[in-house]
Each structure stands twice: as structure tokens, then as C-alpha cells.
Amino acid sequence: MNRYWTLADRPLPAWPDPDTFELRTDPIPAPGPGQALSRTIYISLDPYQWGYKRRGVEAPGAPCHARTVSQVIESRMDGFSPGDLVFNTNGWAEFALMGEGVARPSYMVPRRLDPSHGRISLAVGVLGMLGLTAYAGMVLQCEPKAGETAVVSAASGGVGQIAGQLARLRGARVVGIAGREEKCRFVVDDLRFDACVSHLSPTFAVDLRAACPDGIDVYFENVGGAVFDAVAPLFNRDARMTICGLIAHYGDDTGSDARAALMARGRPVFTDKGVTVRDLFVGVFVADHHDAFLREMAPWVASGEVRYREDLREGLENVPAAFADMLRGSNFGKTLVRVAPDPTLEGFT
């Protein structure tokens, strides 16, 4: 039998609570022509998934969407064989089909994984869409230069920790914004940002200004809200900003436009300083940049030049609680849940 989480048949709250999801059990599906069946090993939990749910993207009764690392059990799909380790989109489920006729975001194409490149869990992290998101936003859109100041919000999170390190590798002075003190210490001591300030501090705006004495040239936005309000007055002329996420607004009333509200608040500064603001959607970068990104990033991760922290939980039954923790910032690093044994763990630390 196949266990999976789906949205319960009740109105969605602003933020998930214990009654938001329902655990169901169905027979394990059999692959048809052009399909493969895989067992989920790791489920990636990311803020955008709550947006999917609130916008009604997921079909009623279907497993909640998520990127996953899985192992092929049975295949009638060209290029995939039993035993293959794959990146796919099994969602919050123990087993799922991929291939012909199986719904998925168009850019989340199943691909085989090579464990020699590192831990397979990284395929839903620094060596996957999260890494490409950070690369696209920071390197391709913001183009940090040596001597500039780059600021990253949610700096200890899955995308933020990568984006800041990419700016550092290009010679920028990097300032992170995080929450708890231990997260700020991690950002400076482990990720080697130049400074990190806590948005929980009652003097946050003053602290950020002190950490950016020469202003801000690049801003990687993951949060919005009061964090953006503290950043905006510090923009230098011709600064660049990419909007990756606005997690502070994911619980706003359905139908509200958080980006439009943010742009309205920032418009006087954007106009006065000539700030370039870009939206970041990783799907438009996959075809042209994914392979080049992996060739550049994989050696950095292997050598420790780029460091990456995972917040790993265990067990399918714990997925909803881990998801809620991630949305309210109670996680520490990239959140994922292991729901089946990882056959590659021997030999990796």
C-alpha cells in the first residue's frame, strides 16, 4: 500500500495547522507504457508549496506537491531502470509514478542522479532547483561585483545560504539577515558571510544600517514585510534586487498581491536610485543554465568552498509538522524529510 498526504476537505487557514492535511492509503500504482514507479527517499519542503495549495494548483485528493529524490522500482520508461536514483516530483507520498501522462511542473523534468557527485539529498538542495534558483537570482540577475555589498534575507535557509556564498565568491561583501542568534552565528562562522543581523532584534533597521555602512548594491529578497522596509532606504544608485520569495506574506488574504504592495512601498526609492527589480522564477533558467550551473557548483560543494546545511526530519508521518516549522522559521537550513532508507549513505558523511 502507498501512504500519502493530501489537503483535507476543508477551507485552508492562513497558515497550516494540524487539520490542514489528511493521511491516506491507496494501492501502489502500476506503471503504464512510458511510465516508471519509484519509491520516495527524500521529500523537499519549500515555501512555494504553500502558495501552490492556497492558489488551488493541486488537484483535490492528490498527493501534496513536492520535489523528491526517489529510487526506481519498476520501469516502462525509456532511460530509467530499476535501481536508478532519480530527481522527480513524487510529492508527499511513499510511491508515485513519473513519465507519460503524469502531471508535474513543466520544468521539473525527471533525471537520473550520480551518487559520486555527492549526497543524493543535495539534488533537492544545493545541487538542484534550489541551487539553480540562488545562482539565477544572484549571479545571472544581480551580477554582484567585487567590493559591492550584497544582502540576503532568510540567509540560513535553503536558497539564501547558497545565494550569499555565490556573492562572496564573486568578491562582494555579503550581509545576511536571519532570525535566531544561532542562525546568525552559522551564517558568519560557517557560511563565511561578512556580517549577519537578526530581524528579531528590536533595533533591526539600525543594526542593518550599521552592517552596511556603504549602502546596499545587491539585495536577494526571500521575505518581504518589515525586512524589505529596512533594506529599501539603504539602496545605492543602480542597485539590483531579485524577488525570490515573500514568505512573510504567504499567509495574507487570498487574492492580495504581495509583490504589487512591495513594489508600491519601494517605488519612491527604486525611482530615485534607479534600482533594477527582477522577479525570479527558476523554470525559465533550467533549459539554458542547469547543466552549466551543476558543472560550476558541484566542485565547489565537493571541496567545501560552498557549504550547505540541511534540516533533516524522519518519517512520512512528520511531513506536515516539518512543513509548518519551515514556514514559521523554526527550521535551520534546507528542510527535507527522509521517508525511506538512502542506499548511498555508506561512504558519505
Side-chain angles (χ1 to χ4, degrees), residues 15 47 134 137-138 141-142 144 147-168 172-188 191 193-252 256-280 326-332:
W15 299 99
M138 181 58 77
Q141 291 187 329
C142 287
E148 291 188 326
T149 296
V151 172
V152 179
S153 59
S156 67
V159 174
Q161 56 183 306
I162 308 167
Q165 292 180 88
L166 289 172
R168 175 179 58 78
R173 181 175 183 275
V174 186
V175 177
I177 300 171
R180 303 192 307 269
E181 181 181 349
E182 62 179 324
K183 290 185 177 183
C184 288
R185 286 200 304 269
F186 165 73
V187 166
V188 173
L191 302 183
F193 286 32
D194 294 280
C196 187
V197 296
S198 172
H199 63 80
L200 301 176
S201 168
T203 57
F204 165 57
V206 175
D207 298 342
L208 183 63
R209 183 178 293 275
C212 304
D214 297 321
I216 295 172
D217 303 290
V218 166
Y219 179 45
F220 196 102
E221 174 68 284
N222 287 308
V223 177
V227 171
F228 169 76
D229 292 339
V231 168
L234 304 180
F235 277 126
N236 290 327
R237 176 155 298 283
D238 298 325
R240 289 85 68 201
M241 169 179 167
T242 185
I243 303 176
C244 177
L246 296 170
I247 194 170
H249 301 278
Y250 288 171
D252 290 355
S256 62
D257 189 336
R259 184 194 180 279
L262 180 145
M263 292 297 294
R265 295 203 312 277
R267 187 167 292 114
V269 173
F270 298 155
T271 301
D272 181 55
K273 296 296 181 68
V275 179
T276 299
V277 182
R278 294 185 174 92
D279 293 314
L280 176 54
M326 179 269 303
L327 286 176
R328 62 174 170 258
S330 297
N331 64 322
F332 193 167

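Interatomic distance, L191 CG to Q165 CD, rounded to the nearest 0.5 Å: 4.5 Å. Rounding to the nearest 0.5 angstrom, the gap separating the CZ atom in F193 from the CZ atom in R168 is 8.5 Å. Separating the CG atom in D272 from the CZ atom in F235 is a distance of 12.5 Å, to the nearest 0.5 Å. With rounding to the nearest 0.5 Å, the separation of CG in L327 from CH2 in W15 is 6.0 Å. Here CE of M241 is found 4.0 Å from CD1 of I243. Values are rounded to the nearest 0.5 Å.
In this structure, the side chains of V197 and F204 come closer than 4.5 Å at one or more pairs of heavy atoms. Side chains of P233 and R209 form a contact here, defined as non-hydrogen atoms less than 4.5 Å apart. Residues R240 and D217 are in side-chain contact: their nearest non-hydrogen atoms beyond the backbone lie under 4.5 Å apart. Here the side chains of F228 and R265 are in contact, with some heavy-atom distance below 4.5 Å. Counting only heavy atoms from C-beta outward, the side chains of E221 and L262 approach each other to under 4.5 Å. Using a 4.5 Å heavy-atom threshold, the side chains of N222 and I247 count as separate.
The shortest heavy-atom contact between P213 and R173 is CD-NH1, 4.2 Å. Annotation for A172 and P144: closest pair CB-CB, 4.2 Å, computed over non-hydrogen atoms. When every heavy atom of A258 is checked against every heavy atom of H249, the shortest pair comes out as CB-CB, 3.5 Å. When every heavy atom of V188 is checked against every heavy atom of A195, the shortest pair comes out as CG2-C, 3.8 Å. Minimum heavy-atom separation, C212 to V151: SG-CG2, 3.8 Å. Across all their heavy atoms, A155 and G176 have their closest contact at CB-CA, 3.7 Å.
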Intermediate values then yes/no, side chain to side chain contact (heavy atoms under 4.5 Å, CB included), I216 and V231 = CA-CA 8 Å; I216 295 172; V231 168; 3.8 Å; yes
Side chain to side chain contact (heavy atoms under 4.5 Å, CB included) evaluation trace for V227 with Y219 | CA-CA 11 Å; V227 171; Y219 179 45; 3.4 Å; yes
Are C244 and F220 close enough, and set up right, to give a side chain to side chain contact (heavy atoms under 4.5 Å, CB included), and what steps lead you there?
-> CA-CA 7 Å; C244 177; F220 196 102; 3.5 Å; yes
Check step by step if side-chain hydrogen bond (donor to acceptor under 3.5 Å, both in side chains) holds for S156 and Q161.
-> CA-CA 5 Å; S156 67; Q161 56 183 306; over 6 Å; no
Audit row: I177, V223, side chain to side chain contact (heavy atoms under 4.5 Å, CB included) steps and yes/no = CA-CA 10 Å; I177 300 171; V223 177; over 6 Å; no
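No side-chain N or O of T149 forms a donor-acceptor pair with one of D214 less than 3.5 Å apart. A donor atom on one side chain and an acceptor atom on the other are not found under 3.5 Å apart for S198 and E181.
Counting only distance, with no hydrogens or angles, the side chain of D257 and the backbone of A260 share a donor-acceptor pair below 3.5 Å. A donor-acceptor pair under 3.5 Å is formed between the side chain of K183 and the backbone N or O of N331.
The pair K273-D238 does not meet the salt-bridge criterion, since no charged nitrogen lies less than 4.0 angstrom from a carboxylate oxygen. One finds a salt bridge joining R259 and D279 here, because a Lys/Arg side-chain nitrogen approaches an Asp/Glu carboxylate oxygen to under 4.0 Å.
For the side chain to side chain contact (heavy atoms under 4.5 Å, CB included) with C142, the lone residue among T276, T242, L280 that qualifies is T242.
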